[in-house]
Protein chains: 2
Amino acid sequence: MTQANALEAVVRLLGEMPGIGGKTAQRLAYYILAREHDYAFQLAAALRELKESLQWCRTCYNISTDEQCAVCRRPDREHQVVCVVEDAANLANIERSGGFRGYYHVLQGVLSPVNGIGPDDLRIAELIQRISQNEVQEVILATNPTVEGEATAMYLADVLAGLPQADQLQVTRIGVGIPIGASLDYCDEVTMAKAFENRRRLT
Amino acid sequence: MTQANALEAVVRLLGEMPGIGGKTAQRLAYYILAREHDYAFQLAAALRELKESLQWCRTCYNISTDEQCAVCRRPDREHQVVCVVEDAANLANIERSGGFRGYYHVLQGVLSPVNGIGPDDLRIAELIQRISQNEVQEVILATNPTVEGEATAMYLADVLAGLPQADQLQVTRIGVGIPIGASLDYCDEVTMAKAFENRRRLT
């Protein structure tokens, strides 16, 4: 690989990341070039290490160093609640909020007919098997409130309603509305409509 | 390095890049995790290769695979014009525009008292030596139109005006104004003021 090719390769690979276009990828590549040698080598080593030490948790399909992930290994959480998320990043964000005390199930994607991603490409069969084998009382659908995330949640709600144990199983969807600290002035119309739809009775 | 540490390291290192904050770095790290194995390994290899195959051009301090960079190796350009740029990325952008046919000189930074970067940290002595030894008739100062870029251009103009051969040397600054295709509606005040200051006579 010549230097020009290495530069091109870095620009191309960085440019494949979400939110990083060609111009940004190029700026980042030049930044890496201008940094001291150690930076690129540390990043290269960390990237290799990241992938080499990774596996999927056999229970929830979160990223994990072992057969079971850090959440599934903890015995002190609420066994009867499973929160379904799109990916490990969403899981990590929910964990950081500290607002959830149950276990997770990572779908590893969302339904997306445009990108050819159907139910068989997600960990849905594994979710159903898990619910069948355990005493799960509530499944919280925490896919993102995007078109695809909503469609995936609707699909899962349908599938779960068709299970033999459906009458002992509550399926819920995370709350959607105005984010805390945000201003109504800057709220988009869809969120605003959802916030009214999801209003709660106070008195 | 455990997987959690590798993830932290990737997030930390990506987060050091310009324009990439903690949240974005995390999203990118999870993206890399979710991609097929080859992606992280290819990126790691390209990053190592990028730094290993790099050196500074001995003439203009552009990045180069050899002692002289691809521009300096070309004999068909205008020897009497040198364009001074902040970094190799700016040089690459100017080259892509095809609007310049001379040679370059890369400062490898800008004057920035706040960050402790003075004239001795830039390739200014090398520029002066180069001008003294060659038949340079024009130096185009093409540092960015930022506070630091402008200050660097002003400093260089002063230094070049004090050279023994100053009367045979023209020092110019790239044009500053409204970008082509942009709307006056969205032009900031400083650019607008500069555009009026730099107006050209048509008739």
Side-chain angles (χ1 to χ4, degrees), chain A residues 1-14 16-20 23-24 26-56 63-66 69-70 86-93 96 106 108-109, chain B residues 1-14 16-20 23-24 26-56 63-66 69-70 86-93 96 106 108-109:
Chain A
M1 213 191 298
T2 68
Q3 184 267 328
N5 289 350
L7 184 62
E8 260 171 42
V10 170
V11 170
R12 180 175 53 74
L13 292 164
L14 289 177
E16 288 180 21
M17 293 190 190
I20 297 195
K23 279 263 176 190
T24 307
Q26 195 157 49
R27 194 163 47 83
L28 296 180
Y30 277 107
Y31 171 82
I32 294 163
L33 264 174
R35 280 284 299 255
E36 69 284 2
H37 255 60
D38 250 18
Y39 179 77
F41 292 149
Q42 276 179 26
L43 183 55
L47 285 169
R48 291 191 67 91
E49 184 64 32
L50 184 65
K51 287 302 272 192
E52 276 167 356
S53 60
L54 167 89
Q55 54 177 307
W56 301 119
I63 52 163
S64 177
T65 38
D66 299 297
C69 76
E86 290 180 20
D87 56 35
N90 289 163
L91 187 156
N93 261 323
R96 218 170 297 118
V106 182
Q108 300 188 335
Chain B
M1 210 190 303
T2 68
Q3 185 268 325
N5 289 351
L7 183 62
E8 262 171 41
V10 169
V11 170
R12 180 175 52 77
L13 291 165
L14 289 177
E16 289 179 20
M17 293 190 190
I20 298 194
K23 278 263 176 191
T24 306
Q26 195 157 50
R27 193 163 48 81
L28 296 179
Y30 278 107
Y31 172 81
I32 294 164
L33 265 173
R35 281 282 300 255
E36 69 284 3
H37 257 61
D38 249 16
Y39 179 77
F41 292 149
Q42 276 178 25
L43 183 55
L47 285 170
R48 293 191 65 90
E49 185 63 33
L50 184 64
K51 287 300 273 191
E52 277 167 356
S53 59
L54 166 88
Q55 54 176 308
W56 302 119
I63 51 163
S64 177
T65 39
D66 299 296
C69 76
E86 289 180 20
D87 56 36
N90 289 162
L91 187 158
N93 262 323
R96 219 170 297 118
V106 183
Q108 300 189 334

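Throughout, protein chains are lettered first and strands after them, A, B, ... in sequence-line order, and every chain is numbered starting at 1. Computed from a predicted model, the values in this text were never measured in an experiment.
- Looking only at side-chain heavy atoms (C-beta outward), B:Ile63 and A:Leu7 come within less than 4.5 Å of each other.
- With chain B as the partner, the residue from A:Ala34, A:Ala40, A:Gly109, A:Ala29 showing the most heavy-atom pairs under 4.5 Å is A:Ala40.
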Could you please spell out the steps behind the side-chain contact (heavy atoms from CB on, under 4.5 Å) verdict for B:Asn90 and A:Tyr30? CA-CA 10 Å; B:Asn90 289 162; A:Tyr30 277 107; over 6 Å; no
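- Remark: A:Glu8 does not engage A:Arg12 in a salt bridge, criterion side-chain N to carboxylate O under 4.0 Å.
- With a 4.5 Å cut-off on non-hydrogen atoms, B:Gln42 touches chain A through its backbone and its side chain both.
- Chain B forms the most heavy-atom pairs under 4.5 Å with one residue out of A:Ala89, A:Ala70, A:Gly19, and that residue is A:Ala89.
- A distance of 6.5 Å separates CG in A:Leu43 from CG in B:Leu43, rounded to the nearest 0.5 Å.
- For A:Arg35, the parts lying near chain B are the backbone and the side chain together; criterion is any non-hydrogen pair under 4.5 Å.
- Distance check: A:Leu28 CG to A:Gln26 CD gives 10.0 Å after rounding to the nearest 0.5 Å.
- Interface summary for chain B: among A:Ile32, A:Asn93, A:Asp87, the most heavy-atom pairs under 4.5 angstrom belong to A:Ile32.
- At a 4.5 Å heavy-atom cutoff, the contact between A:Leu14 and chain B is made by backbone and side-chain atoms alike.
- For A:Glu16, the parts sitting under 4.5 Å from any heavy atom of chain B are the backbone and the side chain alike.
- One N or O on the side chain of B:Tyr39 and one on the backbone of A:Leu13 form a donor-acceptor pair closer than 3.5 Å.
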